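I have placed the structure first, in the form of structure tokens, so that the comments after it can refer back to it.
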Amino acid sequence: DSGSVVPYPSLVAQSESTQRNTSKSGSASTAAMGTSSSSSSSASALIISACDKAGMEGIDRTRVDEIIMRESAGSVYMKQQQKRDQNVNVKIDELKQKLAAKDYSMASINSNATSWRRAGEHALEPIIDELVQSRPRRSTCVVVDMDGFYISCELLSRPPELGNLPCCVGGNMITTSNYVARRYGVRAAMPGWIGDKLVEELSNGKERLIHIPSNFDLYTRKAHIIRGALAEYDPNLRAYSLDEAYLDIGPYVDLRVGRGWSHERVVATLASTSKHSCEDKEHVDEEVGNEEEFIHCNVDISAIAAVVKEMREKVKVATGGLTCSAGLASNFMLAKIASDQNKPNGQKVVGPSHKEVLEFVHPLSVRKVPGIGRVMEKMLNAFDIHIVHDLYKERALVQFLFKPASARFLLRASLGWSNDSLDPSAPEDDEVGSSSSASGQKGISKERTFSAGKSWEELNSKLEDVCRSLSQSMVEKNIKAHTITLKVKLHTFDVITRAKTMPRGIVLQNADQMIVEMTEMLLNVKRQHKGTFSVRLLGVRCSNFQGDEERSQDSGQMDISKFISTCSPIRASHNSLVHSTGTTKMTSRIEKKVDFAQKGAQTDAQVKNTDISSFFSKEKGWNKVEEFETAQVLDSGTNSTHALHSVDPGNVSSVPASR
DNA sequence: GCGGATCAC
DNA sequence: AATGGTGATCCGC
């Protein structure tokens with residue numbers, strides 16, 4: 001009887017952290033055979049675009065939601081969203097049953113139904129200790145995020161009065177809105193006509209949303225200028241997108257504040273140490289002297305914040321008036337969250353101590369964590385986990401419920417220490433052995449949406465266009481691929497993908513070749529599909545690049561430098577492994593870069609590779625916890641770092657694999 | 001390796 | 001009446 005399972009309310013309009021225990025009016029499943037204990041499906045957070053963006057605090061969300069729902073009601077798109085929402089509800093119910101089974105079985109063994117959580121928390125202790133202990137000790141990670149980038153670019157060259165009116169970039173689909181428009185609930189990814197309705201109704205007909213067509217060349221030009229300004233502070237910065245950059249200003253701060261150098265002198269020095277001109281290493285060594293000395297010098301955090309403020313001002317000047325916001329913290333997850341905190345044109349500092357980190361991150365809604373989207377939020381909410389502190393409190397439950405990767409990620413998030421895939425110090429995978437593929441890019445794709453219901457001939461014509469466009473990009477980037485994927489979106493918004501990996505020795509780049517493959521595949525999809533084959537989008541993606549495997553193949557000989565360039569975990573744990581073995585030029589260069597920049601201690605690789613959740617899984621059984629702990633002790637006896645620091649064997653051995 | 005899902009900008 | 005494009009990762013087969 002799943003009715004005995006706690007009737008978690010569906011999360012409707014869960015605004016922010018403070019709102020707890022949303023006891024929804026009990027409309028929840030009266031019928032409900034076993035499932036759907038968690039569905040009321042009409043207005044789920046999955047469907048409504050939550051007003052959790054910067055500049056949208058304190059707006060009349062009820063009316064905004066009402067208008068959006070009214071405008072979308074009955075549309076095919078909305079039906080699709082509801083279907084997705086239902087699928088998530090099913091997933092939630094499955095998880096609840098899994099939990100109920102666990103509680104039941106543990107109760108029969110143990111008499112105390114919730115004691116397995118305590119044991120789980122106990123098992124997590126060493127892992128958490130390791131995480132907390134390995135965290136970076138300085139707040140020098142900066143995320144810079146431009147304020148309403150596209151629309152700000154557009155408004156720059158227009159009469160200033162326009163800035164006081166609700167504006168957006170994009171016609172049918174809004175890509176950015178200014179802060180005036182955001183107060184009406186108009187936001188990115190919203191269809192244009194809904195934006196129009198929102199402004200019209202909520203301003204009582206006094207205002208109209210102004211649409212400005214997008215001009216990507218303009219944004220790209222501005223983005224280059226911005227990067228140029230920021231690069232003075234960290235030549236190795238990562239431009240995550242046109243309007244976002246991740247940088248570590250540790251080295252800059254050390255020289256500028258710690259040593260009192262002039263800005264110009266620091267810039268020149270940093271530029272010569274950047275990865276693009278590492279040949280001057282010795283010269284720089286001379287100038288900088290012993291790194292150890294200054295790298296540990298304590299620079300006051302307010303001085304670091306002042307540097308960030310100065311940096312933002314330089315961006316504003318360089319771009320002719322574009323403002324940005326920044327977050328300053330000890331890792332990039334926190335910095336990213338912080339960058340949103342005082343938007344627009346503001347910044348937020350999070351101190352490096354564990355206490356400060358937790359005080360910052362624990363009160364936040366889990367949705368603030370980059371990587372937790374609508375679906376994950378809904379699932380967590382279903383278990384009464386709303387803010388990051390709940391995530392920590394329920395860490396044992398979380399480990400039990402979710403798959404290894406998710407569980408690890410969530411645990412780290414609950415500790416305010418996660419930076420997966422955002423870290424500029426992460427290996428870039430470029431230059432080293434790749435003759436062809438540009439950066440660490442894994443795939444390249446083109447897709448186009450059009451009005452559904454095209455004839456078969458028209459469809460094939462569209463497909464050819466997409467293939468040719470993709471081919472052209474691949475030629476420009478000198479990319480050749482082994483795998484090609486067709487994507488078809490039906491008028492129902494259902495998506496179908498079909499992939500094919502070419503026989504050995506055959507690579508894809510040529511348009512005609514791609515057209516041959518894709519047209520055949522499209523025909524197969526059409527034949528397989530029951531019902532009307534009405535298509536609204538066609539896409540083609542190429543992946544599995546040639547060149548990626550060559551780099552890996554010859555690393556079988558264990559050349560440490562190759563090793564580092566292809567395998568992130570080793571480089572991440574450089575202080576244990578590389579120091580003892582590596583002496584090649586390449587190694588010392590990377591060491592130099594990582595150490596010099598002090599990219600936040602050991603990074604996450606070690607913990608990333610421990611499978612915590614397997615010890616919570618049904619298969620292994622809870623009794624294994626004890627074994628787990630003994631294993632840890634044994635491990636730390638032979639090699640103190642093994643349990644948490646070991647490189648995932650899969651990561652190494654899989655290198656020369658298949659192709 | 002394949003296909004579906006999720007997430008971010 | 002009407003809801004994008006690009007790239008990545010994870011999971012279960």
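Quick caveat: nothing in here was measured; it's all calculated off a predicted structure.
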For [N], does either OP1 or OP2 sit under 4.0 Å from a side-chain N or O belonging to [X]?
X        : N     : result
A:Ser75  : C:dA2 : no
A:Thr497 : B:dG4 : yes
A:Arg84  : B:dT6 : yes
A:Asn544 : B:dG1 : yes
A:Lys336 : B:dC9 : yes
A:Lys500 : B:dC2 : no
A:Thr449 : C:dG5 : yes

Which one, [options], comes nearest to the side chain of [X]?
X        : options              : answer
A:Arg536 : C:dG4, B:dG3, B:dA8  : C:dG4
A:Ile444 : B:dG3, C:dG7, C:dT3  : C:dG7
A:Thr501 : B:dG1, B:dC7, B:dT6  : B:dG1
A:Arg448 : C:dT6, B:dT6, C:dC11 : C:dT6
A:Gln441 : C:dT3, B:dC2, C:dA8  : C:dA8
A:Ser241 : C:dT3, B:dC9, B:dT6  : B:dC9
A:Lys91  : C:dT3, B:dA5, B:dC7  : B:dA5
A:Met376 : C:dC11, B:dC7, B:dA8 : B:dC7

Okay, side chain of A:Glu447, backbone of A:Leu537: is any donor-acceptor separation there less than 3.5 Å?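 Checking the backbone N and O of A:Leu537 against the side chain of A:Glu447, no donor-acceptor pair under 3.5 Å is found.
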Measure the distance between the ring centre of A:Tyr77 and the centre of the six-membered base ring of C:dA2, then answer whether it is under 5.5 Å with planes under 30°.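 No, A:Tyr77 does not stack on the base of C:dA2.
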How do A:Leu537 and A:Gly74 order along DNA chain C: which one's closest nucleotide is nearer the 5' end?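 That would be A:Gly74.
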5' priority, DNA chain C, between A:Phe493 and A:Ser445 [closest heavy atom]: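 The residue whose closest nucleotide sits nearer the 5' end is A:Phe493.
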Between A:Phe409 and A:Phe402, does the ring centre distance come in under 6.0 Å?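 No - the distance between ring centres of A:Phe409 and A:Phe402 does not fall below the 6.0 Å cut-off.
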Starting at [atom1] of [X] and ending at [atom2] of [N], how long is that distance when rounded to a whole Å?
X        : N     : atom1 : atom2 : value
A:Gln81  : C:dG4 : CD    : P     : 10 Å
A:Lys83  : C:dT3 : NZ    : C1'   : 16 Å
A:Met146 : B:dC9 : CE    : P     : 15 Å
A:Glu377 : B:dA5 : CD    : P     : 20 Å
A:Lys489 : B:dG4 : NZ    : P     : 14 Å
A:Arg541 : C:dT9 : CZ    : C1'   : 10 Å
A:Glu447 : C:dG7 : CD    : P     : 9 Å
A:Lys487 : C:dT6 : NZ    : C1'   : 9 Å

Which part of the nucleic acid, if any, lies within contact of [X], taking any heavy atom under 4.0 Å across all strands shown: a base, the sugar-phosphate backbone alone, or nothing?
X        : answer
A:Asn172 : nothing
A:Thr485 : nothing
A:Ala188 : nothing

Hydrogens and angles aside, do [X] and [Y] bring a side-chain donor and acceptor to less than 3.5 Å of each other?
X        : Y        : answer
A:Thr483 : A:Thr501 : yes
A:Tyr184 : A:Glu200 : no
A:Gln82  : A:Asp85  : no

Pick the C1' atom in C:dG4 and in B:dC7, then give their distance to the nearest Å.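 It works out to 15 Å between them.
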Residue whose nearest DNA chain B nucleotide is more 5′ - A:Leu242 or A:Thr483: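 This one resolves to A:Thr483.
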Angle class for the A:Tyr246/A:Phe332 ring planes (parallel below 30°, perpendicular above 60°, tilted otherwise)?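 Rings of A:Tyr246 and A:Phe332: tilted, as their planes differ by 30° to 60°.
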What's the spacing between A:Leu410 CG and A:Arg395 CZ if we round to 0.5 Å?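 Those atoms lie 13.5 Å apart.
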